[in-house]
Amino acid sequence: MLQAAAGKGKSTTKKTAPARSTSSKPKVHDRYLEAFRWMLLSRILEEKLASLYRGGMIVGGVYLGKGQEAVSAACGMFLQKGDVFGPLIRDQAGRSAFGEPLIDVVRTYLGSVKGPMRGRDGNIHRGRPQENQLAMISHLGAMIPVMVGKLMAKRMKGEKGFVGLTTLGEGGMQTGASHEGLNIAAVEQVPLVVVVTNNHWAYSTPNEREFACANLVDRAIGYGYEGHTIDGTDLNACLEVVETAVKRARAGRPPQLVVAEVLRLAGHGEHDDASYVPPEMKSQPFAQDPVARTEKFILENGLLDANALQQMRAEISRQVDEAVSMAQQEDAPHAREEDWRGLSTSPLIDNPSA
Amino acid sequence: MLQAAAGKGKSTTKKTAPARSTSSKPKVHDRYLEAFRWMLLSRILEEKLASLYRGGMIVGGVYLGKGQEAVSAACGMFLQKGDVFGPLIRDQAGRSAFGEPLIDVVRTYLGSVKGPMRGRDGNIHRGRPQENQLAMISHLGAMIPVMVGKLMAKRMKGEKGFVGLTTLGEGGMQTGASHEGLNIAAVEQVPLVVVVTNNHWAYSTPNEREFACANLVDRAIGYGYEGHTIDGTDLNACLEVVETAVKRARAGRPPQLVVAEVLRLAGHGEHDDASYVPPEMKSQPFAQDPVARTEKFILENGLLDANALQQMRAEISRQVDEAVSMAQQEDAPHAREEDWRGLSTSPLIDNPSA
Amino acid sequence: MSVTYLEAIREAQTQLLRDDERVFIYGQDIAGKFGGAFKATKGLAEKFPGRVLNTPISEDAMVGTAIGAALEGMRPIVEMQFADFSSIALNQILNNAGTHFFRTNVPVPITVRLPSGGTKGSGPFHSQSMEGLYSHYPGVVVMTPATVEDAYTMLIDAVAIDDPVIYCEHKYLYYHLKADALPKESFPVGKARIVRPGRDLTIVTYSAMVHEALAVANELRNDGFEIEVVDLRTVKPLDTATVLASVARTGRLLAVGEAFPWGGVTAEVIARVATEGFHLLDAAPARINAKDTPIPYHPNLWSEHRPNRKSIAVKARQILAE
Amino acid sequence: MSVTYLEAIREAQTQLLRDDERVFIYGQDIAGKFGGAFKATKGLAEKFPGRVLNTPISEDAMVGTAIGAALEGMRPIVEMQFADFSSIALNQILNNAGTHFFRTNVPVPITVRLPSGGTKGSGPFHSQSMEGLYSHYPGVVVMTPATVEDAYTMLIDAVAIDDPVIYCEHKYLYYHLKADALPKESFPVGKARIVRPGRDLTIVTYSAMVHEALAVANELRNDGFEIEVVDLRTVKPLDTATVLASVARTGRLLAVGEAFPWGGVTAEVIARVATEGFHLLDAAPARINAKDTPIPYHPNLWSEHRPNRKSIAVKARQILAE
Ligand SMILES: Cc1ncc(C[n+]2csc(CCOP(=O)(O)OP(=O)(O)O)c2C)c(N)n1
Ligand SMILES: Cc1ncc(C[n+]2csc(CCOP(=O)(O)OP(=O)(O)O)c2C)c(N)n1
Ligand SMILES: [Mg+2]
Ligand SMILES: [Mg+2]
């Protein structure tokens, strides 16, 4: 198993891992560096996918989390075994932190039949429902009530101490599905954290054509949630706030709404040049690159030196390249070997005349 | 035309009508008494419909506005010619105040082919889209965006100074349709007032299984609305708050959310005995009967004497009875005379084989 | 003792809750003493605390929540207050529940109960028959029980099935239909049933229209015709084999459904017989559906909008005369 | 000069905005320089300020708003980003727009554009063909243009119609299909067109599959078969007369559609011909649709999931051999 993708098995190792810096606050630095590693993995992996996309090697589209790595990594990091994660399209960092194997990602994008969706569905929709990572559908907001149901069922089964975290864009907050899901979670008082990343764009649509409140965290009170805001480019803030929200949900407080401000630092997908983003916006504080900012912090505070950083980068690149070349050698799905079953119950499969 | 049903034509007469009391604040008393008249009309009309229902004379169900007359009347009273009203099921008082002819109501309930829906749809769904009174569908929340579209279109056509008011129950606030509609209204900044009446029940479901915020007015900030609350049993408060909200919307302020607290003083429909309502709830302040409370205020403050009140009651009863006997003599629709057209464009009507 | 169609549904749910701790029921106004707009869950919330839950008016989230619970091993039953309101949940039903197994290999065992079909004075939004909409898409099973016995056994079957089941119960049958007792055994899932054997004409139908068809069969017996009535029971999968075998016997086909005429069950039945059993037909097949307008409110209009024994009999005689 | 299918749609909208002040366009990402996920409105927001408006991600409210504007005299066009997302708006489309005229006598002239159909690697939620869902219900017109010319004239027709029109434009045709120029005259609304005359077999189809059918007709001509291809153009209303007249000439019918197999356009076409033109058929009719699973993502699977010229040709030969 590739190390950077070791995943949820690590939730215990996390505590016992040796401090990687000389800092006097090893635990805090540890997790900061761990988060950075997920961010970097996400960035390097996605750069690779983007370049494969430009080379015509990807099946379908590529949607990057560039600019959202800090908040996304935080989303995956405080979840433990038994917790549930409902990621969306810009959550590579969080998916990896939650335990998604790197090879799963690459297989899906490269159309290997060994990918978790076996060629039937692709890329950002991938999930591992049996490992508590939901497989999103495209319709934004639809996964929130699914998460609520997972959590209700766990409670009914007598499980304790679990939490669910799901993410959404600021655009997705405007769908009816989101509203119904957010509200029903509060009515059922499930241990839920909803992390909304306002990256200032829903595809090409700016905030002012999406909603009219000052900040989407203002929705919290109306649902009976506790609300939090973060500068999503500040990894420390992301870790602290998401940790607090997860802890509170786990402790039985009402559902938690976290709203992070960032700028989407890529097109909506790699097909999109995002030329509609006004240049002024790119110098706003929320437009900082969280990976660069974190790297700078690491260097300035001596958590790692330039050399160690370079090594980390090289190591991740090697892992990504390995995964890519493995997946590239794997078969694509074949129509003849596909059993074309829309139901698991074979005798109930319909046979309309052709 | 029956007087109590004179309708929106009266928006000018309102100002010129002679003071009906000896009070020193004739204008205020005038509108208080006007509102009371709509409340009383609603109460008497609905009592009649309920009794016809018990006698098996009604086609379909009967849903009463009992307990909501004050807030509903206020909803109709500040709308002028050119304004739009989107009532829901418990808005008889508001519909009448907005100008719905009494005979329209009775014809619909009694299944006269002369009713505004010609027997094709019934009772609470009735509307007069060409007179700016929307014809609701059952799916709660669906009429909010329709109202938004009406207001956008008016603006596009260059109209000025208009406003739209639509109502909703606290249960209906939880649908995705409501959310999308409330949000899009704020994005479009249309002159809209949304009046939510929390009558503490959605059919048999109490507030705690509907939402988890302290008060639904807490939703206002998250949509970018201005919020207001009212004791919906207090006619003066209803008039003042709704007037303010309508004025603000008309003046170009953001959409207005008004939340009124009342108790539904009847079953969900007349088929429902509401035995699930705990007796304690009936002595809560919000459980007051607004008609009785207003009547008491009128007598105590000498706006009318008992005699005049009795006359008003008798006059309304007479009008209701007249309308009922007129409608009872009218034909029901006949299938043979129905042209069964689902489209207005005759050549495009499909003819599937039978 | 006699049992109504509605009581059969309630009894099935009682047993499911009693025998299978994975089962819970989720819907509007189904809990408390109230027990549902039609009382299909009357008494169950008290008997099974925490397992019959009222929801906000949020059909989309109700189904989404059920999907999540099913993924966690539960067997939720969702009650829609009226089938017509399931339009709000159609996306969760078809695009989420209906695709999940194909996409991930993990099935979604939810049952969505739709109180369906027309009753007097219910109008365009409380009368719809939505089996056609749901059957058009892949990934769901669509049941349309016509009898008290089937209402009972098929609901138990529905919950046992690992895939999403849309269970269309007919509101007109709730009180009108009675049986002496509930059956011990169930007819196989997905199989149509010949409810009345005949030799001159096959009427293929389902749900409330089965009873109209039977009435027509009785009426036409007086004229010497023996009409075979096939109750599809489940419209997806549609049991083509049983339909074809019947048409092989009779040579004539009339498909009857209460839903709208364009597409839907009757079109699918005729398409299957025409494509797979063309040479079995001695005359043109025919179909009767509701009219192609919203469902009218006034009983005078409604009773002509839907198929009824008069219109079915007229059409049956036409086919028999060919 | 040549015009693509997509350019025809853009040009139609340009003219509509220019010539009719009641028209505005409402949808996600359609405004600004961006001009839509597929660029169907590219340049229009700048040319017609305030009349091409971006919306929040709120399909239900987009259609609801359009209904309200239509009631106030406007002629809104709603662009769905993908047909598949219109599932969120299905309630407004069918239960509100589709019932309003019947209920109130006031029509609702909205046009809802659905970028439909499969393209490579688009998967289960960006590939759907939803004409069958919408056509099943009353109160809407459903158009499925197959050519550049029809894409242009039918969109102009759609906006002129007083009733709700669901305009299903095929994404695969956007760039692949070109014409020399846009037509001056339009073929009558609601009429099917015989795009290729023949005598041995009628293929009835619509949208992108028209071109697959034409390819098959060309291929089979080499074997001496003359296949008539009927393009339905509008699937609701469905022009039964033209279809029957064609089957009267050829005696054989194959219905082809890209949507899911249960119900839908092909079932309806076969049901109409079987019921109304039974004696015109010399052989069993047949149909080809997509498979009954969600639409797969990988091109290897997708290309077998949908009908294609190979599978159509095989089926056509079978019918011709009967
Ligand atoms: C219901 C629905 N409508 C439309 C889309 C198409 N769509 C995909 S992503 C997107 C923009 C999403 O914006 P946001 O939620 O802010 O997320 P971001 O892409 O910015 O991360 C849209 C409109 C969709 N997925 N779902
Ligand atoms: C989407 C939808 N689901 C279900 C219903 C059925 N229904 C009709 S009224 C009602 C309760 C409404 O409660 P509320 O909005 O509080 O209004 P109230 O009846 O209390 O005035 C329900 C569930 C509906 N009309 N629409
Ligand atoms: Mg965004
Ligand atoms: Mg209420």
Side-chain angles (χ1 to χ4, degrees), chain A residues 58-61 108 111-113 115 117-123 125 136-142 169-178 201-206 208-212 268 271-272 274-276 331-343 349-354, chain D residues 27-37 53-61 81-82 84-85 87-89 91 119-126 260-264 266-267 270 284-289 291-305 307 311 314-315 318:
Chain A
I58 297 285
V59 178
T108 318
S112 159
V113 70
M117 313 296 268
R118 299 152 302 142
R120 294 173 173 194
D121 199 356
N123 305 0
H125 296 138
M136 64 173 273
I137 66 167
S138 291
H139 301 72
L140 294 166
E170 87 293 345
M173 277 289 271
Q174 316 318 323
T175 67
S178 299
W201 297 91
Y203 207 155
S204 76
T205 301
E208 61 268 26
R209 291 295 298 169
E210 302 186 73
F211 56 86
H268 173 63
H271 59 278
D272 171 29
S275 56
Y276 43 81
D331 282 344
H334 282 297
R336 259 172 306 123
E337 283 150 35
E338 166 62 56
D339 59 5
W340 299 113
R341 285 171 45 167
L343 295 178
I349 289 174
D350 191 43
N351 291 302
S353 53
Chain D
Q28 292 158 25
D29 302 299
I30 64 172
K33 292 196 193 92
F34 189 67
L53 299 171
N54 276 352
T55 66
I57 307 176
S58 299
E59 284 78 6
D60 186 81
Q81 196 151 84
F82 286 80
D84 316 47
F85 298 124
S87 53
I88 309 293
N91 187 60
T119 48
K120 217 171 73 169
S122 296
F125 311 119
H126 292 75
F260 297 121
W262 194 107
T266 60
I270 291 182
R287 57 178 168 164
I288 305 190
N289 296 296
K291 292 192 195 299
D292 195 29
T293 71
I295 301 158
Y297 188 70
H298 198 286
N300 288 359
L301 302 181
W302 172 68
S303 56
E304 289 295 308
H305 183 270
S311 61
V314 168
K315 181 62 75 179
Q318 274 171 23

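Chain naming here is simple, since letters A, B, ... match the order of the sequence lines and numbering starts at 1 in each. Keep in mind the model is a prediction, meaning the values are calculated, not measured.
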query = Sub-3.5 Å donor-acceptor pair from the side chain of D:N300 to the main-chain atoms of A:A335, do we have one?
reply = no
inquiry  = Treating D:D29 as the side-chain partner and A:T205 as the backbone partner, does any N or O pair qualify as donor plus acceptor under 3.5 Å?
reply    = yes
Between [X] and chain A, with a heavy-atom cut-off of 4.5 Å, which part of the residue counts as in contact: side chain, backbone, both or neither?
| X | value |
| --- | --- |
| D:I88 | side chain |
| D:T266 | neither |
| D:K33 | neither |
| D:A267 | neither |
| D:E59 | neither |
| D:D60 | neither |
| D:I295 | backbone |

key: Worked check of side chain to side chain contact (heavy atoms under 4.5 Å, CB included) between D:F85 and A:H139   = CA-CA 7 Å; D:F85 298 124; A:H139 301 72; 3.4 Å; yes
message = Please rank A:G111, A:S204, A:G60, A:G119 by heavy-atom pairs under 4.5 Å with chain D and give me the top one.
response =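 Winner by heavy-atom pair count: A:S204.
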request  = Hey, could you give me the OG1/CZ distance between D:T293 and A:R120, rounded to the nearest 0.5 Å?
outcome  =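 Going from OG1 on D:T293 over to CZ on A:R120, the span is 7.5 Å.
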task = Working to the nearest 0.5 Å, report the span between OG of D:S58 and CE of A:M173.
result = 11.5 Å
Validation row: [X], [Y] side chains within 4.5 angstrom (heavy atoms):
| X | Y | answer |
| --- | --- | --- |
| A:V59 | D:P299 | yes |
| A:N123 | D:Y297 | yes |
| D:L53 | A:R209 | yes |
| D:F125 | A:D121 | yes |
| D:P296 | A:W340 | yes |

remark   = In terms of heavy-atom contacts, D:P56 and A:Q174 come closest through CB-CB, 4.0 Å
note = Correct closest heavy-atom pair for A:L140 and D:I57 would be CD1-CD1, 3.8 Å
ask   = Given the options D:P124, D:G121, D:S311, D:G123, which has more heavy-atom pairs under 4.5 Å with chain A than any of the others?
value =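 Counting heavy-atom pairs under 4.5 Å, the top option is D:P124.
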message = Heavy-atom pairs under 4.5 Å with chain A: which of D:H126, D:H298, D:H305 has the most?
response = D:H298
Per-residue contact mode, [X] against chain D (heavy atom under 4.5 angstrom):
| X | result |
| --- | --- |
| A:Y276 | side chain |
| A:R341 | backbone |
| A:H271 | neither |
| A:E338 | side chain |

